[in-house]
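In what follows, a structure is listed as structure tokens, so that the remarks can point back to it.
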Amino acid sequence: MVTAGLVLAAFASALHVYIFVLESVLWTAPRTRATFGTTADEAAATKELAFNQGFYNLFLAIVTAVGIVAVAVGATAVGAALVFAGAGSMVLAAAVLLVSSPDKARAALTQGTLPLLAVLLLALGLAL
């Protein structure tokens, strides 16, 4: 179960790197605006906020990825703590999105499902 949790955490990290690219690099691109449901004017007005938010997603992905590597090289306690911190923060951010913007439930479930499953499987795997 630990391996399955780490694989899901890796997918969650990859997804959050993709979100970083959308928010920090491609925010005003037509395809990104369609993904987030924003107009050109809204994207221009929120570009700095999205840029900053994108980096939060990148940092969560990095913390989680470093944790995965740490577990893989035998530093299980440190690695698990990092995966729980990174992926757990992803889950909590998705919960905040869901509660604060119920109309974005699909986005919240997209960004929160993989890390939630990763945290659960890793916790079960370490407990057994």
Side-chain angles (χ1 to χ4, degrees):
M1 281 209 210
V2 170
T3 301
L6 295 176
V7 168
L8 290 174
F11 284 130
S13 291
L15 174 62
H16 280 73
V17 170
Y18 175 66
I19 294 169
F20 156 75
V21 171
L22 290 176
E23 292 176 339
S24 296
V25 180
L26 302 172
W27 184 248
T28 57
R31 193 160 188 187
T32 302
R33 287 188 291 107
T35 298
F36 286 91
T38 59
T39 66
D41 288 340
E42 290 169 335
T46 59
K47 186 174 182 175
E48 289 179 14
L49 295 171
F51 183 78
N52 188 38
Q53 184 171 306
F55 274 90
Y56 277 95
N57 284 297
L58 178 63
F59 299 147
L60 293 176
I62 290 170
V63 166
T64 304
V66 170
I68 294 166
V69 172
V71 172
V73 300
T76 303
V78 169
L82 290 171
V83 172
F84 287 136
S89 293
M90 292 174 191
V91 172
L92 293 173
V96 168
L97 179 60
L98 181 61
V99 170
S100 66
S101 300
D103 60 311
K104 294 183 176 64
R106 182 172 183 251
L109 291 172
T110 298
Q111 84 176 41
T113 301
L114 286 172
L116 175 61
L117 293 173
V119 165
L120 292 174
L121 288 176
L122 183 58
L124 285 171
L126 292 173
L128 299 177

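Just so you know, these numbers use all the heavy atoms, side chains as well, and skip hydrogens, waters and symmetry mates. Quick note: residue numbers are just sequence positions, from 1.
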Report yes if the side chains of [X] and [Y] come closer than 4.5 Å at any heavy-atom pair, otherwise no.
X      : Y     : value
Thr28  : Lys47 : yes
Leu22  : Trp27 : no
Leu128 : Met1  : yes

Check: Looking only at heavy atoms, what is the nearest atom pair of Glu42 and Thr46, with distance?
Finding: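 Smallest interatomic distance, heavy atoms only, reads O-OG1, 2.7 Å.
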Item checked: Shortest non-hydrogen contact between Ala80 and Leu126, atoms and distance ->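 Taking Ala80 first and Leu126 second, the nearest heavy atoms are CB-CD1, 3.6 Å.
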Please round to the nearest 0.5 Å and tell me the distance separating atom [atom1] of [X] and atom [atom2] of [Y].
X      : Y      : atom1 : atom2 : value
Ser24  : Glu48  : OG    : CD    : 12.0 Å
Gln111 : Leu15  : CD    : CG    : 7.5 Å
Leu8   : Leu122 : CG    : CG    : 10.5 Å
Met90  : Ile19  : CE    : CD1   : 8.5 Å

Table please: side-chain donor-acceptor pairs of residues 96-109 below 3.5 Å, with sequence neighbours left out.
from, atom 1, to, atom 2, distance (Å)
Ser100, OG, Val96, O, 2.7

Notebook entry, point to check: If Ile, Leu, Val, Met, Phe, Trp and Tyr residues are connected whenever their side-chain heavy atoms lie under 4.5 Å apart, and connections chain through other members, are Leu120 and Leu114 in the same group?
Noted result: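 Shared cluster, no.
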Item checked: Joint cluster assignment, Val2 & Phe84, ILVMFWY side-chain distance < 4.5 Å ->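 Yes, Val2 and Phe84 fall within the same hydrophobic cluster.
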Using residues 50-77 as the side-chain source, report each donor-acceptor pair under 3.5 Å to any protein atom, sequence neighbours left out, with the distance given to one decimal.
from, atom 1, to, atom 2, distance (Å)
Gln53, NE2, Glu23, OE2, 3.0
Asn57, ND2, Glu23, OE1, 2.9
Asn57, ND2, Gln53, O, 3.2
Thr64, OG1, Leu60, O, 2.9
Thr64, OG1, Ala87, N, 3.3

Checklist line | Expected output: side-chain Thr35 to main-chain Arg31 donor-acceptor under 3.5 Å | finding: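 Pair found, side chain donor or acceptor close to backbone of Arg31.
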Next item on the list: Would you indicate whether Phe11, at its atom CZ, is surrounded by more than 12 heavy atoms from other residues, nucleotides or ligands within a distance under 6.0 Å?
Entry: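 No - once you tally the heavy atoms of other residues, nucleotides and ligands closer than 6.0 Å, there are 12 at most.
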